[in-house]
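Inspection log for the structure reproduced underneath, given as structure tokens.
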Protein chains: 2
Amino acid sequence: MSSDLQGFELPLRLLLGFRVLIDELHEELARQGHPRMRPMHGFVFQAIMRAGGRYGTTAADLGRALGVSKQAAGKTIDMLEGLGYLRPGHDPGDARRKTYTLTPHAHDALERSEQIFEDLRDQWAETIGEDRLRAMVEDLRKVTPPDAFRLDTPQWFNAP
Amino acid sequence: MSSDLQGFELPLRLLLGFRVLIDELHEELARQGHPRMRPMHGFVFQAIMRAGGRYGTTAADLGRALGVSKQAAGKTIDMLEGLGYLRPGHDPGDARRKTYTLTPHAHDALERSEQIFEDLRDQWAETIGEDRLRAMVEDLRKVTPPDAFRLDTPQWFNAP
DNA sequence: CTAGTATGGACAAGATGGTTGTCTATATAG
DNA sequence: CTATATAGACAACCATCTTGTCCATACTAG
């Protein structure tokens with residue numbers, strides 16, 4: 001980055017760091033049988049695991065978890081179901097709820113993501129040192145909200 | 001963040017760190033007379049300053065600099081011109097080029113952004129320590145591309 | 001000088017991914 | 001039993017970026 005960015009360097013490096021990890025994750029995921037996974041799908045899977053109830057997660061649940069409308073969440077669910085990552089079900093105690101749970105294919109994607117992130121983390125540790133990397137994450141925890149799972153609008157940096 | 005994210009923590013914290021800075025920047029910018037500035041406009045201003053020629057930057061220049069189509073860049077330019085951040089001009093040596101340069105209002109926004117980022121940086125330094133913060137940026141420099149000004153598609157984490 | 005090629009800008013159409021609003025069916029609280 | 005809240009389906013709309021086409025201007029090789 002050229003010298004004239006000065007004050008912009010901290011945010012920019014954070015964004016670039018994120019991009020580097022995410023881009024490499026998805027290159028590798030594509031090689032490992034998940035070519036259609038998109039950058040946010042891993043987060044969506046996590047949200048689906050945690051947001052729902054006993055019998056799975058509904059579009060409304062997911063929308064609340066991700067901070068988007070239930071309609072937007074519904075479209076994401078349709079796509080993921082089409083890709084074989086979600087399986088529909090129902091809640092025997094509430095006939096309104098159309099639930100979804102992760103398929104084995106989705107669990108495979110999550111496990112591979114974990115492994116790939118771990119490998120990338122190890123590469124970073126080799127470059128900057130394990131202690132420094134640990135310090136970085138620890139420090140970031142101190143300056144970011146503790147439980148920010150919602151990213152609020154996924155297009156937040158384009159949003160009006 | 002709950003414990004089960006494990007490997008996702010590094011990328012997530014990087015993204016959250018970026019969001020925290022950008023959100024606070026724009027809250028403060030709004031207070032300081034720039035309520036319509038959007039998260040990427042600061043980067044666009046930087047790109048406009050550096051991407052063009054002697055007489056300013058064209059939509060095609062900007063598109064190349066940002067990694068988007070010239071049409072998309074043109075729409076961004078239209079919006080920024082409408083907000084009073086860009087002034088049209090022309091290149092006396094090339095009648096095809098419709099150039100744009102930053103207005104004083106845009107320079108004001110850039111200066112205020114610099115100042116606000118500096119203040120936010122100081123807050124972080126107070127929380128985690130000046131040395132640790134410096135180490136963080138230094139380390140991120142080592143693991144990110146040196147001159148990545150292009151963010152390639154601005155919607156990269158939604159892109160197909 | 002001229003012919004061919006490259007580039008800037010305008011315009012239109014389409015994809016994507018989000019929004020709000022409305023409707024019906026089911027649940028739940030009083 | 002009635003009133004209210006919520007799930008889901010459907011439709012309309014909006015924003016942003018894309019591709020493709022077209023014309024005017026510039027550049028380069030002969």
Side-chain angles (χ1 to χ4, degrees), chain A residues 36-41 43-44 47-48 51-83 85-101 150-160, chain B residues 36-41 43-44 47-48 51-83 86 88-101 150-160:
Chain A
R36 307 285 306 275
M37 279 277 285
R38 304 212 309 206
M40 281 299 151
H41 286 174
F43 292 98
V44 174
I48 286 173
R54 170 94 177 64
Y55 299 101
T57 301
T58 67
D61 294 336
L62 181 61
R64 276 188 295 269
L66 296 177
V68 299
S69 64
K70 62 183 179 180
Q71 291 86 340
K75 290 177 190 178
T76 301
I77 284 177
D78 288 346
M79 162 177 301
L80 290 173
E81 186 185 3
L83 294 175
Y85 290 116
L86 297 183
R87 191 163 39 82
H90 65 282
D91 185 333
D94 187 340
R96 291 171 307 175
R97 291 173 64 80
K98 188 170 168 191
T99 60
Y100 291 88
T101 50
R150 301 167 44 110
L151 300 175
D152 296 296
T153 152
Q155 289 187 159
W156 51 273
F157 64 63
N158 285 320
Chain B
R36 308 284 307 274
M37 280 276 285
R38 303 213 308 208
M40 280 300 151
H41 286 173
F43 292 98
V44 174
I48 286 173
R54 170 94 177 66
Y55 299 101
T57 301
T58 66
D61 294 336
L62 182 60
R64 276 188 296 269
L66 297 177
V68 299
S69 64
K70 62 183 180 180
Q71 291 86 340
K75 290 176 189 178
T76 301
I77 284 178
D78 288 346
M79 163 177 302
L80 290 174
E81 186 186 4
L83 294 175
L86 297 183
H90 65 282
D91 185 332
D94 187 339
R96 291 171 307 175
R97 291 174 62 81
K98 188 169 167 192
T99 60
Y100 291 88
T101 50
R150 300 167 45 110
L151 300 175
D152 297 296
T153 152
Q155 287 188 161
W156 50 272
F157 64 63
N158 285 320

Query raised in the report: Roughly, in whole Å, what's the span from NE2 in A/His90 to C1' in C/dT26?
Result: 15 Å

Query raised in the report: Could one point to a donor on the side chain of B/Gln71 or the base of D/dG20 with an acceptor on the other under 3.5 Å away?
Result: yes

Report task. Provide, to the nearest angstrom, the distance between the NE2 atom belonging to A/His41 and the P atom belonging to C/dT16. Result -> 13 Å

**Report entry** Rounded distance in Å - CD1 (B/Ile77) to C1' (D/dC17)
**Finding:** 15 Å

**Report entry** Sugar-phosphate only, base, or nothing, as touched by A/Ala60 at under 4.0 Å among non-hydrogen atoms
**Finding:** sugar-phosphate

Query raised in the report: So which of residues 91-98 of chain B are in contact with DNA chain D, with a heavy-atom cut-off of under 4.0 Å?
Result: B/Asp94, B/Ala95, B/Arg96

Query - Atom pair OG1 (B/Thr58) and CG (B/Asp91), whose distance is rounded to the nearest 0.5 Å - result: 9.5 Å

Query - Distance, nearest 0.5 Å, that separates OH of B/Tyr100 from CG of B/Leu62 - result: 11.0 Å

Query raised in the report: In whole angstroms, how far is the P atom of D/dA7 from the CG atom of A/Asp78?
Result: 17 Å

Query raised in the report: Taking for each residue the nucleotide of DNA chain D with the nearest heavy atom, is it B/Ser69 or A/Lys75 whose nucleotide lies nearer the 5' end?
Result: A/Lys75

Query raised in the report: Quick one: is B/Arg38 getting a side-chain N or O under 4.0 Å of the D/dA15 phosphate, OP1 or OP2?
Result: no

**Report entry** Spacing of NE2 belonging to B/His41 relative to CE belonging to B/Met79, to within rounding of 0.5 Å
**Finding:** 6.0 Å

Query raised in the report: Who are the side-chain hydrogen bond (donor to acceptor under 3.5 Å, both in side chains) partners of B/Asp94, not counting sequence neighbours?
Result: B/Arg96

Query raised in the report: Among A/Val44, A/Thr76, A/Ile48, A/Thr99, which residue meets the side-chain contact (heavy atoms from CB on, under 4.5 Å) test with A/Leu86?
Result: A/Ile48

Report task. Quick one: list whatever passes ring pair (Phe, Tyr, Trp, His ring centres under 6.0 Å) with A/Tyr85, sequence neighbours left out. Result -> A/His34, A/Phe45, A/His105

Report task. Round to a whole Å and report the spacing from CD of B/Glu81 to P of C/dA10. Result -> 11 Å

Report task. Grab the two heavy atoms, one from A/Ala59 and one from A/Ala73, that are nearest each other, plus how far apart they are. Result -> O-CB, 3.4 Å

Query raised in the report: What's the NZ-P distance between A/Lys70 and D/dA11, to the nearest Å?
Result: 16 Å

Requested in this report: Assign each of B/Thr99 and A/Thr76 to its nearest nucleotide of DNA chain C by heavy atoms, then name whichever residue's nucleotide is nearer the 5' end.
Outcome: B/Thr99

**Report entry** B/Leu66 CG to D/dC17 C1', straight-line distance once rounded to whole Å
**Finding:** 13 Å

Query raised in the report: C/dG9 phosphate, OP1 or OP2: any side-chain N/O from B/Thr58 under 4.0 angstrom?
Result: yes

